[in-house]
Amino acid sequence: MEREEVRVYVNQYCHLRDVQYAAYELYARKHCLTSKELFVLDIIWFAPDGCLQSEICERLSATKQTVSAIIKKFWKMGYLSLSESETDRRNKIVRFTEAGMEYTRKIIPPAANAKIDAMAELSGEDIAELVRITTLFSNQMLKKFNEIKEC
């Protein structure tokens, strides 16, 4: 396929990615959150035994400072607890407090259900194909971006 033809598809794909990201942004704003804050709450919600700050950073490709600021905000609100990791005392395990569970219950499960409902509109074959191709494309993007020389 010619590069210009591929570029058209890249632009279409990027537009679709932007539509998805905008849906998260708009949903987050409805709850007076940023999308990053929403994503942090989502990660913690689906880690019932808690998760490490470093895991959140890695999953979001976010800096330690960004994730720490978000966690600190929710900690000050009484929504999160922090405890030392047994394997690395510098790394904190993040968990919801009861107040945090109550707060987040109104935000994350409805969003998760919306994603599930949206995907459920597709056939099983389409879902598998979407995941398969997105995985291939994502892996190639990571590879190609990592090949770019630093400034």
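For the single chain, residues carry numbers from 1 onward in sequence order.
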Counting only heavy atoms from other residues, nucleotides and ligands, does the tally under 6.0 Å from [atom1] of [X] exceed 12?
{"X": "Glu58", "atom1": "CD", "value": "no"}
{"X": "Arg105", "atom1": "CZ", "value": "yes"}
{"X": "Lys72", "atom1": "NZ", "value": "no"}

Calculate, to the nearest 0.5 Å, the distance between atoms [atom1] and [atom2] belonging to [X] and [Y] respectively.
{"X": "Lys36", "Y": "Leu41", "atom1": "NZ", "atom2": "CG", "value": "13.5 Å"}
{"X": "Leu60", "Y": "Glu55", "atom1": "CG", "atom2": "CD", "value": "11.5 Å"}
{"X": "Leu130", "Y": "Thr135", "atom1": "CG", "atom2": "OG1", "value": "8.5 Å"}
{"X": "Arg95", "Y": "Ile93", "atom1": "CZ", "atom2": "CD1", "value": "5.0 Å"}
{"X": "Met101", "Y": "Ile108", "atom1": "CE", "atom2": "CD1", "value": "11.5 Å"}
{"X": "Asp117", "Y": "Lys115", "atom1": "CG", "atom2": "NZ", "value": "12.0 Å"}

Heavy-atom side-chain contact between [X] and [Y] under 4.5 Å:
{"X": "Arg7", "Y": "Asn11", "value": "yes"}
{"X": "Glu37", "Y": "Thr34", "value": "yes"}
{"X": "Gln53", "Y": "Ser68", "value": "yes"}
{"X": "Lys73", "Y": "Met77", "value": "yes"}
{"X": "Val94", "Y": "Leu82", "value": "yes"}
{"X": "His15", "Y": "Val19", "value": "yes"}
{"X": "Ile56", "Y": "Ile70", "value": "no"}

How is the hydrophobic cluster of Tyr13 composed, in terms of its other members, when Ile, Leu, Val, Met, Phe, Trp and Tyr link through side-chain heavy atoms under 4.5 Å apart, directly or indirectly? Phe137, Met141, Phe145, Ile148
Classify the side-chain pair Glu25/Tyr21 by whether it contains a donor and acceptor separated by less than 3.5 Å. yes
Using a distance-only test with no angle check, is there a side-chain donor-acceptor pair under 3.5 angstrom linking Thr66 and Thr63? yes
Aromatic centroids of Phe74 and Phe96 separated by under 6.0 Å: no
Shared hydrophobic cluster, Tyr79 / Phe46 (ILVMFWY, side-chain heavy atoms < 4.5 Å): yes
Test item: [X] side-chain N/O and [Y] main-chain N/O as donor-acceptor pair under 3.5 Å:
{"X": "Glu121", "Y": "Ala118", "result": "no"}
{"X": "Asp42", "Y": "Leu38", "result": "no"}
{"X": "Tyr27", "Y": "Ile107", "result": "yes"}

